[in-house]
Amino acid sequence: MKRVHRSAQTIVIGACVAGSMIGVFAACSGANPGNLCGLHGVFGAGPLATGIALFAHGVWWNRRVPQ
């Protein structure tokens with residue numbers, strides 16, 4: 001059971017970091033970014049990517065477990 005938790009934690013942390021980095025890059029790479037452009041990635045894209053990764057992992061895990 002430990003392996004499942006470690007796998008889920010890795011997916012969630014990786015998705016949060018990757019989503020935050022992509023969000024910050026997208027928000028701060030415009031012609032005139034404001035001084036709060038990084039908040040879009042941290043509070044917008046990061047949690048969104050985490051939620052999508054959790055949902056996808058749950059769907060994948062549900063298909064793996066015999067019912």
Side-chain angles (χ1 to χ4, degrees):
M1 198 68 169
K2 278 187 168 184
R3 184 177 178 148
V4 172
H5 294 298
R6 191 172 301 139
S7 171
Q9 288 173 351
T10 304
I11 290 170
V12 169
I13 292 171
C16 185
V17 170
S20 295
M21 289 172 45
I22 291 169
V24 168
F25 177 74
C28 295
S29 64
N32 191 12
N35 59 348
L36 299 176
C37 65
L39 294 178
H40 171 72
V42 175
F43 293 115
L48 180 66
T50 304
I52 292 170
L54 279 172
F55 179 75
H57 185 69
V59 168
W60 173 78
W61 188 253
N62 192 25
R63 288 182 178 212
R64 261 187 91 197
V65 175
Q67 295 182 6

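Only heavy atoms go into these numbers, but all of them, side chains included; no hydrogens, no water, no symmetry mates.
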Least distance between heavy atoms, A53 atom then I11 atom: CB-CG2, 3.9 Å
Apart from L48 itself, residues in the same hydrophobic cluster as defined by side-chain heavy atoms under 4.5 Å: I52
Side chain to side chain contact (heavy atoms under 4.5 Å, CB included) partners of S20, counting only residues at least two apart: C16
Pairing residues for I22 by the side chain to side chain contact (heavy atoms under 4.5 Å, CB included) criterion, not counting sequence neighbours: none
Going by atom type alone, with no hydrogens or angles, which donor-acceptor pairs under 3.5 Å involve a side-chain atom of residues 26-45 and a protein atom two or more places apart or on another chain?
unit_1, atom_1, unit_2, atom_2, d
S29, OG, F25, O, 2.8

